[in-house]
Amino acid sequence: MKAYVIEQADDHGLDAIKLAEVPIPAVGPGQVLVKVHAVGLNPVDYKLAEDGDTDWSFPHTLGLDVAGEIAAIGPDVSEDWHLGMRVAGHGDLRYNGCFAEYVASPVYELARIPDDVSYTTAAGLLCSALTAYQTINRKPNLNNVHTALIHGGSGAVGGIAVQLAKMHGLTVFTTCSTAKVDYVRKHLDVDAVIDYRKEDVTERIGELTDGLGVDLVVDTVGGAEAEKDFDRLAYNGQLVTIVGVPNIDGDDMFGRGLSMAVVNLGGAHGSGDPRQQNDLGTMATDVLEMASQGRLDPLIERILPFDELVDGLKTLAAGKVTGKLVVSLDS
């Protein structure tokens, strides 16, 4: 089969990714073989191409987000899964991935794709949507939460987090760069867009909240920005970070009743906890159902053919993407 691989351990960067012929993967206990129809592209994909992983064997197939149909079933798989079933799931970065014609996937990470949801839509609703789902529906306590600052509304995670927050009736503010302000206003139901290149985010949040701050911040930027986010929180406010953990002023957090949570979506695979592993499939089922109901938009910017996959990663790495890039193997 054809797959996009890193051929050896000392290869680094996007230019090291090669389209190669590799064997169709064997299917182990608790796994199914998925014939791939579409894959999602994520920042973690190009970062892994740069940095690699010590658990890899080579050549290593990249890719985490897959949508396809079950082509073979391994041992110890329940009758809930059958040949031809349309499925999608977020994979384990330690093992061979889905930028390929076939991938072996443990069934705990998979969800059935509803009949009215396309493979490309499903592939666009995995890493980004599941991360966003955790920032809104899993990590924070939403009791007495009315306002939220969600960074990066033009990005795949931020854009879906905004949608989920609005489902809970929150007043939502988001940040983005000047070039992406119009996109956010067009595609998202937000109460205010803050251009972080032209405006002081902390001052603007103060203006929007009468100096109180927001009840919830979702940081998609990094630890340095998350440190500033503590100053943007209201009393009893909550910070959820997906990129970096900020330095914490314990006295300030205690005095203002603040709390912080960290999202590490892929860590569930290696947790050794079946409840957390199975939750990957549970969350995927939920977001796919929301898409089927027309409640959740994956914000797909472009659908690329398979032979343009690396070009898509380069565009993503250059910060030139709003929303999500998806690759179709059917085009």
Side-chain angles (χ1 to χ4, degrees), residues 124-177 180-181 183-196 199 201-202 204-210 212-222 225-226 228-243 258-265 279 282-300 322-324:
L125 280 172
L126 292 167
C127 183
S128 54
L130 301 188
T131 299
Y133 189 98
Q134 287 196 327
T135 69
I136 303 297
N137 287 19
R138 281 285 192 266
K139 293 289 185 172
N141 178 352
L142 295 181
N143 288 312
N144 203 30
V145 170
H146 305 281
T147 56
L149 167 62
I150 297 173
H151 287 288
S154 63
V157 176
I160 293 178
V162 166
Q163 295 178 66
L164 294 172
K166 295 302 287 188
M167 289 181 196
H168 289 279
L170 303 186
T171 297
V172 179
F173 315 124
T174 191
T175 62
C176 66
S177 64
K180 298 177 180 179
V181 168
Y183 170 89
V184 172
R185 287 177 175 158
K186 178 180 179 181
H187 292 280
L188 296 175
D189 175 22
V190 290
D191 296 276
V193 181
I194 303 171
D195 180 349
Y196 67 81
E199 301 176 272
V201 177
T202 303
R204 190 76 181 101
I205 288 298
E207 295 168 358
L208 291 166
T209 62
D210 295 325
L212 294 176
V214 291
D215 302 312
L216 173 66
V217 175
V218 175
D219 177 61
T220 63
V221 181
E225 191 66 29
K228 299 176 184 177
D229 286 329
F230 281 122
D231 293 330
R232 299 161 182 160
L233 286 171
Y235 182 82
N236 273 339
Q238 306 171 70
L239 169 66
V240 181
T241 178
I242 72 167
V243 182
L258 306 181
S259 59
M260 184 183 72
V262 177
V263 171
N264 176 9
L265 177 68
D279 197 40
T282 299
M283 291 188 294
T285 297
D286 205 1
V287 298
L288 290 169
E289 186 59 31
M290 290 180 194
S292 175
Q293 296 166 354
R295 300 168 61 209
L296 195 62
D297 182 351
L299 301 169
I300 294 173
T322 50
K324 185 81 174 186

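Keep in mind the model is a prediction, meaning the values are calculated, not measured.
The heavy-atom pair separating Asp195 from Ser177 by the smallest distance is OD1-C, 3.8 Å. Residue Ala284 comes nearest to Leu126 through the heavy atom pair CB-CD2, 4.4 Å, listed as atom of the first residue, atom of the second, then distance. The two residues Val263 and Lys139 make their nearest non-hydrogen contact at CG2-CG, 3.8 Å. In terms of heavy atoms, Gly153 sits closest to Val184 at C-CG2, 3.9 Å. Closest heavy-atom contact between Val157 and Ile242: CG1-CD1, 3.9 Å. Closest approach of Gln134 to Leu265, counting heavy atoms only: OE1-CA, 3.9 Å.
Between the Ser292 side chain and the Leu288 main chain, no donor and acceptor come within less than 3.5 Å of each other. Between the side chain of Asp286 and the backbone N or O of Glu289 there is no donor-acceptor pair closer than 3.5 Å. A donor-acceptor contact shorter than 3.5 Å is absent between the side chain of Glu225 and the backbone of Asp219.
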* Could you walk me through whether Leu239 and Leu258 pass the side chain to side chain contact (heavy atoms under 4.5 Å, CB included) check? -> CA-CA 8 Å; Leu239 169 66; Leu258 306 181; over 6 Å; no
* To do: May I have the step-by-step check of side chain to side chain contact (heavy atoms under 4.5 Å, CB included) for Val201 and Phe173, ending in yes or no?
  => CA-CA 10 Å; Val201 177; Phe173 315 124; over 6 Å; no
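A distance of 12.0 Å separates CG in Leu170 from CG in Leu149, rounded to the nearest 0.5 Å. Note that CZ of Arg138 and CG of Leu130 are 10.0 Å apart. Values are rounded to the nearest 0.5 Å. To the nearest 0.5 Å, atom CD1 of residue Ile300 and atom OG1 of residue Thr322 are 12.0 Å apart. Note that CG of Asp215 is 10.0 Å distant from CG of Leu142, once rounded to the nearest 0.5 Å. Taken to the nearest 0.5 Å, the OG1 atom of Thr209 stands 10.5 Å off from the CZ atom of Arg204. Remark: Asp229 CG to Met260 CE distance equals 11.5 Å, nearest 0.5 Å.
Between Val145 and Asn236, every side-chain heavy-atom pair lies at or beyond the 4.5 Å cut-off. In this structure, Cys176 and Val181 have side chains that are in contact, with non-hydrogen atoms separated by less than 4.5 Å. Annotation: side chain of Met290 is in contact with side chain of Tyr133 (closest heavy-atom distance under 4.5 Å). Taking 4.5 Å as the limit, every side-chain heavy atom of Val190 sits out of range of all side-chain heavy atoms of Ile150. Thr282 places none of its side-chain heavy atoms less than 4.5 Å from the side chain of Thr285. Looking at heavy atoms from C-beta onward, Gln163 lies in side-chain contact with Leu188 at the 4.5 angstrom threshold. Looking at heavy atoms from C-beta onward, Asp191 lies out of side-chain contact with Thr147 at the 4.5 angstrom threshold. In this structure, Leu296 and Met167 have side chains that are in contact, with non-hydrogen atoms separated by less than 4.5 Å.
A salt bridge is absent between Lys324 and Asp297; no separation between the charged side-chain nitrogens and carboxylate oxygens falls under 4.0 Å. Salt-bridge annotation for Asp231 and Lys228: absent, with no side-chain N of the basic residue lying under 4.0 Å from a carboxylate O of the acidic one.
Taking Arg185 as the reference, nothing meets the salt bridge (Lys or Arg N to Asp or Glu O under 4.0 Å) condition, with sequence neighbours excluded. Partners of Thr175 under the side chain to side chain donor-acceptor pair (under 3.5 Å) rule, at least two apart in sequence or in another chain, are His151.
The salt bridge (Lys or Arg N to Asp or Glu O under 4.0 Å) analysis of residues 148-165, with sequence neighbours excluded, yields no pairs.
Only one option out of Val217, Ile194, Leu212 pairs with Ile205 in a side-chain contact (heavy atoms from CB on, under 4.5 Å); it is Ile194.
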